[in-house]
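Just the heavy atoms: all of them, side chains too, but no hydrogens, waters or symmetry mates, feed the values below. Chain letters run A, B, ... following the sequence lines, proteins first and then strands; every chain starts at 1.
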Protein chains: 2
Amino acid sequence: MRRAPPYDRDKALDAATELFWRKGYHATSLKDLEAALGMKPGSIYAAFKSKEALFLACLDRYARRSREALRAQLGRGGSMLAALADHLRTHARQNPGGAEARACMIVKTMLEATPDESRLAAGARAHFEQMRAEFAAAFERARAMGELAPDADPALLAARYQAALTALRVEAHRGAAADELAALAESLAQEVERLRVAPGPARAAAAEAPRAAQPAG
Amino acid sequence: MRRAPPYDRDKALDAATELFWRKGYHATSLKDLEAALGMKPGSIYAAFKSKEALFLACLDRYARRSREALRAQLGRGGSMLAALADHLRTHARQNPGGAEARACMIVKTMLEATPDESRLAAGARAHFEQMRAEFAAAFERARAMGELAPDADPALLAARYQAALTALRVEAHRGAAADELAALAESLAQEVERLRVAPGPARAAAAEAPRAAQPAG
DNA sequence: GGGTAATTTGAGCGATCACTCAAACGTGAT
DNA sequence: ATCACGTTTGAGTGATCGCTCAAATTACCC
C-alpha cells in the first residue's frame, strides 16, 4: 500500500511549467523550482527523476493541453476555416501582462535546446510536428467539407498556418501593442478565410472575402 | 602609444557569435568561450567587459550584418516586391547542416532572455524593431514606386513580412526537409509578389501571379 | 499502540559557474 | 641594453550548479 503523496503532482507541474515557460530550461535553477514547488531537492528527485525529466513532463503536459484546446475550438462543428481563423484571433486577445502573452513553450524549447541536449530538442520537435499534424487534419477536413478546393495542399496550408501562429505568438512575446497584435492576427485570419471556395452560387457568397488592397505579407 | 592587441577582435567576435548563436546565452560557458576564442579568462574580461557585454557586442554585430545583407539585396534597383520575395527564398536555400540553418539570433535571444535580464531582452527587441523598420521602409518604397496600392499599409505589411521570415527560419531550425522548406518559402514569396498592383495595362501583367488554388494559409 | 514501509528532509557532495588579480611577459622608446 | 607600460596569463575566488543519501517523519495495517 503506497502512502498518498502529500504533494499535489498537478499543482507541482503547474508551478514548474510556469517557471520553465517563463525563464526557459537553462535559466531555471533547482533553487527556483524548490521555491515554486514548495519541495526540497530530495522530494523533487523522488517525484520527478531529474531536472530534465521534470522539464519534459511539463512540456508534454503543455503540448497535450494545447492540442486539447485546439481540438475544442475546432470541433464545435461549422466552418473549419472560420474556426482556424478564430483560433488565430484568440491568440491576439491575451492580456498583455498575462501568462499567455508569451511565445509558445514548444517553440521556445526548440530554439533554446542545443544539439547535444537531444532529449529536449527531440521532444520539442515531436510536439511541434504533432501540432502540425493537427492543423493538417483540420485543413483536410475543410477540404472534405468542400471549403477548400479539391487540389488544395493540406500539408502546405498546415505549414503556413503554423508559421502564422508561431510568428503571432513571437509578436505577443515581443510586447507588441494590443491593437497592432490584433491587426496582425486579423490580417492572418482573413488570409485563412480567403481560402474558402464558393460552395454554391448563393449561400456562402458573403463568406468570400473581397480582394483587399493588402491581402498578404 | 598603445600596443596593438595580439588578439584579432574581429575573429574573436566571429567565434563568440557562432557559439552564442548555436548554444544560446545561458548554455554558453566561459570555458566554451575560452576554447573558441583562444583566450584566457583575464584577456576576455580585458577585451570585453563581461559575458553579457560580449554577448551584446555579438548581437549588435549580427544585427548590423543582417541589416546590411538585407539592404544589399533590396538596393539593387528594380522591383522591391520581387527583391523582398527573393529574400524569403534565399533563407530556404541554406544548406541543412550549415550555420545559417538556424533561427535568427535576434529572435532566439528575445525568446531566451528572461524579464530580469533586461539588457539582453531590450537589445534583442530593439534589433527586432530595427529590422521591422527596414521592412516597413522597403514597403513604403514599393508603394512610392507604384508597386503597391496607394492605400496599402506598410507597417502591417512589414509586420506580416517579418512574421513570415521569422517562421521560415524557425522552420529551418526545426530541421525541415529542404523541399518542404523551399515550398513554404515559395508560398510565402508568392504571397508578397501577389501584392503588386498592375502598373499599366501591358508591361507588368505577367508579374501578376494568377489566383492559385491555395494562395494563403 | 507498535511495526513497517514509503516519503520528506536538508546538509552537503563534487563540479562548474562567472569572474579576479598579482605576476610574467612582450613591445616600443630611449 | 634598459626601462616603462600595457597586455596576457592561469591559478584561484566565492557562489551556485544539479544532485545524493542517511536520517527523521508520516501514514497505514494489525
**OP:** Report the distance from atom CG of L33(B) to atom P of dT8(D), rounded to the nearest whole Å.
**Re:** 16 Å

Original post:
Just one of T109(A), L59(A), L54(A), D32(A) clears the side-chain contact (heavy atoms from CB on, under 4.5 Å) bar with F20(A), so which one?
Top reply: L54(A)

Original post:
Does dG10(D) have OP1 or OP2 sitting under 4.0 Å from an N or O in the side chain of K40(B)?
Top reply: yes

Original post:
When the distance from CZ of F48(A) to C1' of dT8(C) is rounded to whole Å, what number comes out?
Top reply: 14 Å

Subject >> Footprint string (nucleotides 11-24 of chain D, 5' to 3'): B base within contact, S backbone only, - free, heavy atoms under 4.0 Å >> reply: B-----SSBBB---

**OP:** Please list all pairs passing the ring-ring contact (aromatic ring centres under 6.0 Å, His included) test where one or both residues lie in residues 165-187 of chain A, with sequence neighbours left out.
**Re:** none

Subject >> Aromatic ring pairing F139(B)/Y161(B), orientation class (parallel under 30°, perpendicular over 60°, tilted between) >> reply: perpendicular

Original post:
So is K51(A) actually on top of Y25(A)'s ring, under 6.0 Å and inside 45° of the axis?
Top reply: yes

Original post:
Are R196(B) and S79(B) close enough, and set up right, to give a side-chain hydrogen bond (donor to acceptor under 3.5 Å, both in side chains), and what steps lead you there?
Top reply: CA-CA 10 Å; R196(B) 177 176 284 115; S79(B) 163; 2.5 Å; yes

Subject >> Whole-Å gap separating P (dG10(D)) and CD1 (I44(B)) >> reply: 13 Å

Subject >> Whole-Å distance separating the CD atom of E117(B) from the C1' atom of dA18(C) >> reply: 13 Å

Original post:
Tell me: CE of M39(A) to C1' of dT7(C), nearest whole Å?
Top reply: 10 Å

**OP:** Rounded off to whole Å, could you give me the CG-to-C1' distance for the L54(B) and dC19(C) pair?
**Re:** 14 Å

Subject >> Partners passing side-chain hydrogen bond (donor to acceptor under 3.5 Å, both in side chains) against E52(A) (at least two apart in sequence or in another chain) >> reply: R119(A)

